[in-house]
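Heads up, the thing below is written out as structure tokens.
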There are 2 protein chains.
Amino acid sequence: MSKQISSVWTREPRPARTPGRSREEIVRATLDLLDTEGLDGLSMRKLGARLGSGATTIYWYVENKDELLELAYNEVWGEIVLPDPEEPGWREAVSAFAHSMRAAMLRHPWVGSLIGRLPALGPNALSLADRLRKAFTLAGFKGLDIDYANAALTAYVFGMVIPEIAWEASMGGEELDQESMNETFQKVAKDFPDLLERVVEVNAKISDTDALRETSFAFGLATMLDGLEARLRA
Amino acid sequence: MSKQISSVWTREPRPARTPGRSREEIVRATLDLLDTEGLDGLSMRKLGARLGSGATTIYWYVENKDELLELAYNEVWGEIVLPDPEEPGWREAVSAFAHSMRAAMLRHPWVGSLIGRLPALGPNALSLADRLRKAFTLAGFKGLDIDYANAALTAYVFGMVIPEIAWEASMGGEELDQESMNETFQKVAKDFPDLLERVVEVNAKISDTDALRETSFAFGLATMLDGLEARLRA
DNA sequence: GCGCCTCTCGCACACCGTGCGAGAGGTTTT
DNA sequence: AAAACCTCTCGCACGGTGTGCGAGAGGCGC
């Protein structure tokens, strides 16, 4: 047996004898804590308290905190849906997948800080990759192109949503009114008049920043899908 | 004065009297430490030691650790080049930009964990956004489409590279030979025979994983650029 | 009753970010 | 010359963190 990637998914879990506590229960509590208090709010002691147990009890079910995060991460992947590509056509299916992925990430903003640290090797991530592969196969991609298309699409979603999360986080949960927004930008971008002018202009025209972000997301998604379709015809 | 986003870039820095230590020197040391020991390896005490000072001295130049990270983050953006789009054509310029961005991120893998936490409001990021806007304007995009194209392209790069970083990190710096790789996947993906078969097959065919990743990156990039060009013609 | 195996958890260690306040050293004002 | 002040350094301490260790509780087979 050679060297392995260290991950919850590469070692045998402790044989579940279904006692009082279970790994499943712990993961659920972890998700709760992450969603309400964020990545920094998750500590073994707090998690123990929430479970009505000592902090170190958790280490019976899980090797370390990173494994816990891998398990929580896996749950998020489980929330992403990919419609059957046979029915509405691959483009619609894949597009729905992208939107669902974005929604799941925004529901659990702490994933934004995990994607660069933990590989997605959990069963939910793999299952999704498997189904996405099928969709692209059905679309007509062949050989490695299937995997490339796979990677490109998920990359786009990742890349759009992760900065969205950062942006949201930096506002500390409070909605920023337009005036504050412009003021911030005036301070920050004072050496880039073109950029500044654009931002102020856009802010004046479009007040709903959520809608703007969705539009931007849809634009890039359509662009990516157009590109994929073009590659299909080539 | 209304509420602002809290960031190094939205508050006045301490007036530089160019004494012994400077913010610049601190940022350089921070980068060093981050590059050699990673995000977890950076602590105020270690940084102080490297600067030959007490840990809390740093707090004279910087409000808190996050500000330090923002400054380091900004430096990475400064390493990204965008060729003049007038000369080789916008597509080549933008493509070179994407590759340069990827290279900078891989040189400083710790950015992978920051992108989801800190907004890129530093002058280097803004300057790059400004120049990228010019490139897309030159390409023929109009109005909001310029910004959408901007976001889509950088999102793609982010999304490709961030998981690359995670992957690299999870191998703990050691190169994994092919056998271990397959073994890992056999364990992890045993419920997804199609996926598993593909991975083993690909691994057998392509031994150089770096080259594979570059090819995958180039594929998605070309796809995105094709999509953008299509949108330009519409 | 005895041993064993599964599970809990208090304690302790080394580390973290950072608030505070004492002071050093230089410059400016009186 | 002396006093006041301003910039900068940093030791100490506080309340956290992840987690190794070892003592023990509870149930189950002999």
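Chain letters run A, B, ... following the sequence lines, proteins first and then strands; every chain starts at 1.
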*Among D/dT17, C/dC9, C/dG17, find the nucleotide with the atom closest to the side chain of A/Ser43.*
D/dT17
*Salt bridge check: are B/Lys65 and B/Glu70 linked by an N-O gap of less than 4.0 Å?*
no
*Using a strict cut-off of less than 4.0 Å between a Lys/Arg side-chain nitrogen and an Asp/Glu carboxylate oxygen, indicate whether A/Arg50 and A/Glu25 qualify as a salt bridge.*
no
*Quick one: do the A/Ser127 and A/Arg131 side chains pair a donor with an acceptor below 3.5 Å?*
yes
*Within this structure, what is the CD1-to-P distance between A/Ile58 and D/dG18, rounded to whole angstrom?*
9 Å
*Report yes if a side-chain nitrogen or oxygen of A/Trp60 is closer than 4.0 Å to either non-bridging phosphate oxygen (OP1 or OP2) of C/dC7; otherwise report no.*
yes
*Would you mind building the protein contact string for nucleotides 19-28 of chain D? One character per nucleotide, 5' to 3', B for base within reach (heavy atoms under 4.0 Å), S for sugar-phosphate only, - for untouched.*
BB--------
*Taking only residues two or more places apart in sequence or in another chain, which ones pass side-chain contact (heavy atoms from CB on, under 4.5 Å) with A/Asn124?*
A/Asn74, A/Trp77
_Main chain of A/Leu221, side chain of A/Tyr156: is a donor-acceptor contact present, judged purely on distance under 3.5 Å?_
yes
*Looking at A/Glu201 and A/Arg198, does any basic side-chain N land under 4.0 Å from a carboxylate oxygen?*
yes
*Taking atom P of D/dT17 as reference, at what distance in whole Å does atom CD of A/Glu37 sit?*
10 Å
*Atom pair distance, as rounded to whole Å: OH in A/Tyr61 and P in D/dG18*: 19 Å
*Base, sugar-phosphate, or nothing: which does A/Ser53 touch, judged by heavy atoms less than 4.0 Å apart?*
sugar-phosphate
*Please state how far atom CG in A/Leu51 lies from atom C1' in C/dC9, giving the value in whole angstrom units.*
14 Å
_Assess whether a salt bridge exists between B/Arg28 and B/Glu24, defined as any Lys/Arg side-chain N lying under 4.0 Å from an Asp/Glu carboxylate O._
yes
*Whole-Å distance between C/dC7 C1' and A/Glu25 CD?*
14 Å
*In whole angstroms, how far is the C1' atom of C/dC16 from the CG atom of B/Leu69?*
14 Å
*Grab the NZ-P distance between B/Lys46 and C/dC16 for me, whole Å please.*
6 Å
*Backbone N or O of B/Gly41 within a donor-acceptor pair of the B/Lys46 side chain at under 3.5 Å?*
yes
*Got a salt bridge between B/Arg133 and A/Asp194, using NZ or NE/NH1/NH2 to carboxylate O under 4.0 Å?*
no
*When the distance from CZ of A/Arg23 to C1' of C/dT6 is rounded to whole Å, what number comes out?*
16 Å
*Could you tell me whether B/Leu42 contacts a base, only the sugar-phosphate backbone, or nothing, with contacts defined as non-hydrogen atoms closer than 4.0 Å?*
sugar-phosphate
Atom pairs under 3.5 Å: protein N/O with N/O of nucleotides 24-26 of chain C:
none

